[in-house]
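All values reported here derive from a predicted model rather than from experimental measurement.
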Amino acid sequence: LLGYYKTMIALRKEHPALYQGATEVLETDENALLAFRRSTEEQNILVLANFGNGAQTFEVGQAEDLLTGEDVSGTVEVGKLELKVLELAE
C-alpha cells in the first residue's frame, strides 16, 4: 500500500495538470464510474475510478496509461475498484 501511495505522489509531481490544471467532471453511463479531466495548456489527463463490483468501460480516443506506460485507444476497461490515470493525445 505504501508503494502505491509513493507511485501516486510521484505521478502528481511529474504532471502539472494533476495539481494545477482545470478540472472537468465527465458524464459516464455508470454511477459506479467516476471520470474527470485535469488540463493545462500543455497536458490533458483523464482520471477514471471504478467504485463498482464489476468492470466498467469508457471511451478515451488515444492516450497513454501513466501508471503502466502503455498506449491505449478506443474503449478502456476499468476493473473492479481500479484507478486509471491517462494522458490524452492532442
Side-chain angles (χ1 to χ4, degrees):
L1 188 59
L2 178 60
Y4 178 78
Y5 281 108
K6 285 182 178 182
T7 298
M8 298 310 286
I9 290 168
L11 192 66
R12 183 177 181 266
K13 287 180 180 179
E14 290 175 31
H15 300 281
L18 289 173
Y19 60 86
Q20 65 183 351
T23 303
E24 177 187 4
V25 177
L26 305 173
E27 281 194 41
T28 65
D29 292 336
E30 298 293 331
N31 289 334
L33 184 64
L34 171 65
F36 63 92
R37 180 177 23 230
R38 296 290 310 256
S39 56
T40 63
E41 288 184 17
E42 298 83 26
Q43 202 172 42
N44 284 305
I45 295 184
L46 174 65
V47 177
L48 301 170
N50 182 3
F51 299 102
N53 290 325
Q56 308 289 332
T57 59
F58 194 82
E59 184 69 32
V60 297
Q62 291 199 311
E64 176 189 355
D65 186 323
L66 295 177
L67 296 173
T68 66
E70 295 178 10
D71 289 330
V72 296
S73 63
T75 302
V76 172
E77 184 173 293
V78 185
K80 175 181 175 182
L81 301 176
E82 183 180 18
L83 176 72
K84 290 216 182 259
V85 182
L86 308 170
E87 183 171 6
L88 301 173
E90 296 295 322

Q: Ignoring hydrogens, what is the shortest heavy-atom contact between Gln56 and Ala32? Give both atom names and the distance.
A: NE2-CB, 4.4 Å

Q: Using side-chain heavy atoms (C-beta onward) and a distance below 4.5 Å, is Thr75 in contact with Phe58?
A: no

Q: Using a 4.5 Å cut-off on heavy atoms from C-beta on, say whether the side chain of Ile45 contacts that of Leu66.
A: yes

Q: When you compare the side chain of Leu86 with that of Leu48, does any pair of heavy atoms fall below 4.5 Å?
A: yes

Q: Looking at Lys80 and Glu82, is any side-chain nitrogen of the basic one under 4.0 Å from a carboxylate oxygen of the acidic one?
A: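 A salt bridge is absent here (no side-chain N lies under 4.0 Å from a carboxylate O).
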
Q: Taking all atoms of both residues into account, what is the closest heavy-atom pair of Phe36 and Val25, and its distance?
A: CB-CA, 4.0 Å

Q: What's the separation between atom CD in Glu42 and atom NE2 in His15, rounded to the nearest 0.5 Å?
A: 13.0 Å

Q: Kindly give the heavy-atom pair with the smallest separation between Thr28 and Ala35, and that separation in Å.
A: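 Smallest interatomic distance, heavy atoms only, reads CG2-CB, 3.7 Å.
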
Q: Can you tell me how far apart OG1 (Thr23) and CZ (Arg37) are? Round to the nearest 0.5 Å.
A: 11.0 Å

Q: Quick one: CG on Leu88 to CG on Asn44, what's the gap to the nearest 0.5 Å?
A: 5.5 Å

Q: Flag the pair Leu26 / Leu46 as yes when at least one side-chain heavy-atom distance between them is below 4.5 Å, and no otherwise.
A: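 Answer yes - side chains close enough.
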
Q: For residues Tyr4 and Val78: do they belong to one hydrophobic cluster (side chain heavy atoms under 4.5 Å, members Ile, Leu, Val, Met, Phe, Trp, Tyr)?
A: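 No, Tyr4 and Val78 fall in different hydrophobic clusters.
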
Q: Hey, are the side chains of Thr7 and Leu67 touching, using non-hydrogen atoms and a 4.5 Å cut-off?
A: yes

Q: Within a 6.0 Å radius of atom OH on Tyr19, are there more than 12 heavy atoms belonging to other residues, nucleotides or ligands?
A: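 Above 12, so yes.
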
Q: Between Lys84 and Asp65, is any pair of side-chain heavy atoms under 4.5 Å apart?
A: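 Lys84 reaches Asp65 side chain to side chain.
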
Q: Nearest 0.5 Å please: distance from the CD atom of Gln20 over to the CD atom of Gln43.
A: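 Answer rounded to 0.5 Å: 9.5 Å.
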
Q: If I compare all heavy atoms of Gln62 with all of Ser73, which pair ends up nearest, and what's the gap?
A: CG-CB, 3.9 Å

Q: As an exercise, state the distance from CG of Asn50 to CD of Glu77, rounded to the nearest 0.5 Å.
A: 9.0 Å

Q: Nearest 0.5 Å, what's the CD1-CG distance between Ile9 and Leu18?
A: 12.5 Å

Q: Should Val47 and Leu83 count as side-chain neighbours, where that means a heavy-atom distance under 4.5 Å?
A: yes

Q: So do the side chains of Glu64 and Val72 get within less than 4.5 Å of each other, counting heavy atoms only?
A: no

Q: When hydrophobic residues are tied together by side-chain contacts of less than 4.5 Å, even through go-betweens, does Val85 share a cluster with Leu33?
A: no

Q: Taking it one step at a time, do Glu59 and Val76 satisfy side chain to side chain contact (heavy atoms under 4.5 Å, CB included)?
A: CA-CA 6 Å; Glu59 184 69 32; Val76 172; over 6 Å; no

